[in-house]
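Below is one structure; the comments refer to it alone.
Every chain is numbered from 1 and lettered A, B, ... according to where its sequence line falls, protein lines coming before strand lines. This one's a predicted model, so the numbers in the text were calculated from it and none came from an experiment.
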Amino acid sequence: MLVSTWNVNSVRARLPRLVQWLESAKPDVVCLQELKCVDEQFPREEIEALGYQIAAYGQKTYNGVAILSKRRFDDVFYGMRSDPPDSDRRVIGAQIGDVFVVSVYVVNGQEVGSPKYAYKLDWMNRLRDELRTRYDFNEKVIVAGDFNVTFDDRDVHDPKAWHEKILCSTPERERLSALVDLGLADSFRKFHADGGHYTWWDFRTRGFQRGMGLRIDHILMSPAALDACGDVWIDKEARDGEKPSDHAPVLARLEP
DNA sequence: ATGGTGGATTTTCCA
C-alpha cells in the first residue's frame, strides 16, 4: 500500500498536476492539504474517475484537508473535538482497512512571537490531545500532512538564517516532538539519516531553483505501521515544471 | 534589502 501526503496549495489550481501525479505515482491513499475551496467546489468527478474515494473537509479560500483512497473508507471523522471547536478545517481522519489515516494542515504561525504563532503552539497542543484520545497506538496509525515545523537542522537548507525563526523555533519543535512521544515516529528518518531533503520551497525567493528548502511535510507512524513501512521518499519532480505547488509530495510504501 | 511569487478574492489576506 502506497500512502502519501501533499499540500497542493489549491486543489482546483493544481487539478491538472494532481491528476497527472495520481496517474503516474499511483498512490493508494493521499492526504491533501490546502484545498482552498468548499466541498461543493472540490473537483470530485475528475478524481473519482481515477478510482478514488474522496473524504473532503474544505472551507472557502483557506485551509481545507482531504483523504483520497482506492479502498473504501470504513469510517471518517471531520475536525478535532476540541472545545471550542476548531474555527479552521485542518484535520480529517479515516479508517481504511486496518490502517487509521489522518491528514493534517498545521497552522503556519507567520512569525515567532506573533499572535498567529501563539495560536499555532496552542493548536499543536490540541492536536496532540486529539490524537492521544482518539487512537490506540498499538494499531497502525498514520498521521500525514503539512506540519509547518522542521524536526531539526538537517531539515533546513540554511540553519543559521533560520535559527529560531518560524517553522524552526524550539517551541514548535517541542510540540512536534510531543506528537512523536505519543508513539508516532518520523517515518522518513527510518530510511534517510542525512540532511538536505526538503518538501517545501518558498515561491517568493525562488527557493526551489536555488535549492533553498525545508522539510516540513511529514508522515508520522505508530510502531505497527512503521514496521510495515519499507520506504519513504519525497517526489521532488512534482515540485518542478509548470504551475507547481510550493510543496512536494511525500510517499511511504507499506507492506500489506 | 521586510522585497520577492502564487492563490483566492479582491483592492487585501495568507503562505
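Distances shorter than 4.0 Å separate some side-chain N or O of Lys116(A) from OP1 or OP2 on dC14(B). At the phosphate of dC14(B), neither OP1 nor OP2 sits under 4.0 Å from any side-chain N or O atom of Lys36(A). Regarding contacts with the backbone of dG6(B), every side-chain N or O of Arg14(A) stays at 4.0 angstrom or more from both OP1 and OP2.
Regarding Asn7(A), its CG atom lies at a distance of 12 Å from the C1' atom of dG6(B), rounded to whole Å. One atom, CG of Asp146(A), and another, C1' of dG7(B), lie 15 Å apart when rounded to the nearest Å. Gln33(A) places its CD atom 14 Å from the P atom of dA15(B), with the value rounded to the nearest Å. Atom CG in Leu15(A) sits about 11 Å away from atom P in dA8(B), given to the nearest Å. Protein atom NZ of Lys120(A) is 14 Å distant from nucleotide atom C1' of dC14(B), rounded to whole Å. Taking atom OH of Tyr62(A) as the reference point, atom P of dA15(B) lies 8 Å away to the nearest angstrom. Atom CZ of Arg204(A) is separated from atom C1' of dG4(B) by 8 Å (rounded to the nearest Å). When the P atom of dA8(B) is taken as reference, atom CG of Asn9(A) falls 8 Å away, rounded to whole Å.
Crowding of Lys190(A) atom NZ: a count of heavy atoms from other residues, nucleotides or ligands under 6.0 Å exceeding 12. Summarising the local packing, CZ of Arg253(A) is surrounded by 12 or fewer heavy atoms from other residues, nucleotides or ligands at distances under 6.0 Å.
When the P atom is compared between dG3(B) and dT12(B), the two are found 15 Å apart, to the nearest whole Å. Nucleotides dA15(B) and dT9(B) have their C1' atoms positioned 15 Å apart, rounded to a whole Å. When the P atom is compared between dT11(B) and dT2(B), the two are found 26 Å apart, to the nearest whole Å.
For the pair Asn63(A) and Phe203(A), both in contact range of DNA chain B, the more 5′-proximal nearest nucleotide belongs to Phe203(A). Mapping Asn148(A) and Thr205(A) onto DNA chain B by nearest heavy atom places Thr205(A) at the nucleotide closer to the 5' end.
Counting only heavy atoms from C-beta on, Thr61(A) has its side chain closest to dA8(B) among dG6(B), dA8(B), dA15(B).
Within 4.0 Å (heavy atoms only), Arg210(A) reaches no atom of the nucleic acid at all. At a threshold of 4.0 angstrom between heavy atoms, the contacts of Phe208(A) with the nucleic acid are absent.
For Ser114(A) and Tyr119(A), the side-chain atoms include no donor-acceptor pair closer than 3.5 Å.
When atom types are taken as modelled, the side chain of Arg154(A) and the backbone of Ala193(A) share a donor-acceptor pair closer than 3.5 angstrom.
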Take Ser245(A) and Arg14(A) through the test side chain to side chain donor-acceptor pair (under 3.5 Å) and record every step on the way to the result.
-> CA-CA 7 Å; Ser245(A) 168; Arg14(A) 215 63 56 217; 4.7 Å; no
